[in-house]
Every structure is written in C-alpha cells, then in structure tokens.
Amino acid sequence: IPFLVYLGFKNKWIRFLLFFLGVLALSCYYEFVEHSPNHQMYSLISVLIIFFYSGKKGKFDFKSFFYLYYPLHLVVLYLIRLFI
C-alpha cells in the first residue's frame, strides 16, 4: 500500500491520508474479520513518524549502531529462549 500511494499521488497530504486509511483498513480487517488481537493499531503511530519525515538525513548517524544491534538482540533473545 505505501509504495502504491507514493507512486500515485504527488500531494503529501493525499498520500498521508491514503496511507493512514490503508493501515487503518488493515487494522480493522485483523480486528473484525480475523478476530485476532489488534496489534496492527500500533502501526498507526509509524504513519505519523513517516508523515513528519522531511527526507533529509538526521543529525546523528545510527547506521553502525543498528548494524550491531539487530544481530546482537537476536542472539540475546535466542539465549533467553534456551534458558527458559
């Protein structure tokens, strides 16, 4: 949905609205059709973060941190699983 919205509309407000409605529709689908817990609702927070992104790189470079964090947290979770 996000990729199609980006390709289809140049206006930032229309893209935001369609993206938000798409995520909201997915959330409602999981809640009412699949009868699963509504964890999808938390993804609506990411829509706001994406909306306010200016397209510019931030002041700090966290690239190295995330390259280390991602595999390390998976190892920690695996070790926790082994001990439980």
Side-chain angles (χ1 to χ4, degrees):
I1 291 175
F3 183 69
L4 295 175
V5 169
Y6 180 77
L7 287 179
F9 298 95
K10 299 294 180 191
N11 187 333
K12 182 178 181 178
W13 290 101
I14 293 174
R15 285 193 320 226
F16 171 71
L17 180 64
L18 290 176
F19 183 67
F20 183 80
L21 290 175
V23 172
L24 184 63
L26 284 174
S27 176
C28 290
Y29 171 78
Y30 283 115
E31 179 70 25
F32 299 114
V33 177
E34 295 291 329
H35 303 293
S36 65
N38 197 2
H39 301 296
Q40 189 70 26
M41 238 357 163
Y42 296 112
S43 64
L44 293 175
I45 297 169
S46 69
V47 174
L48 292 174
I49 294 170
I50 292 169
F51 177 71
F52 288 111
Y53 176 61
S54 66
K56 297 178 183 175
K57 190 173 181 178
K59 187 176 182 180
F60 302 105
D61 185 19
F62 291 105
K63 182 178 176 181
S64 302
F65 170 74
F66 287 113
Y67 273 118
L68 290 173
Y69 171 78
Y70 185 74
L72 287 177
H73 97 279
L74 291 177
V75 169
V76 169
L77 290 174
Y78 177 73
L79 292 174
I80 291 171
R81 182 176 173 216
L82 282 178
F83 290 114
I84 291 180

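Since the model is a prediction, treat every value here as computed from it, not as a measurement. When reading the values below, keep in mind they use all heavy atoms of this one structure, side chains included, and skip hydrogens, waters and symmetry mates. Along the sequence shown, residues are numbered consecutively beginning with 1.
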If you measure from CG on L79 to CZ on F83, what distance do you get to the nearest 0.5 Å?
6.0 Å
Should L74 and Y78 count as side-chain neighbours, where that means a heavy-atom distance under 4.5 Å?
no
When clusters are formed from ILVMFWY side-chain contacts under 4.5 Å, directly or step by step, what else is grouped with Y67?
none
Do the side chains of I80 and V75 join up, straight or via other hydrophobic residues, at under 4.5 Å, putting them in one cluster?
no
Report the distance from atom CG of L72 to atom CG of L77, rounding to the nearest 0.5 Å.
11.0 Å
Using distance only, find each side-chain donor-acceptor pair of residues 57-66 under 3.5 Å and give its atom names and separation, not counting sequence neighbours.
| from | atom 1 | to | atom 2 | distance (Å) |
| --- | --- | --- | --- | --- |
| D61 | OD1 | K63 | N | 3.3 |

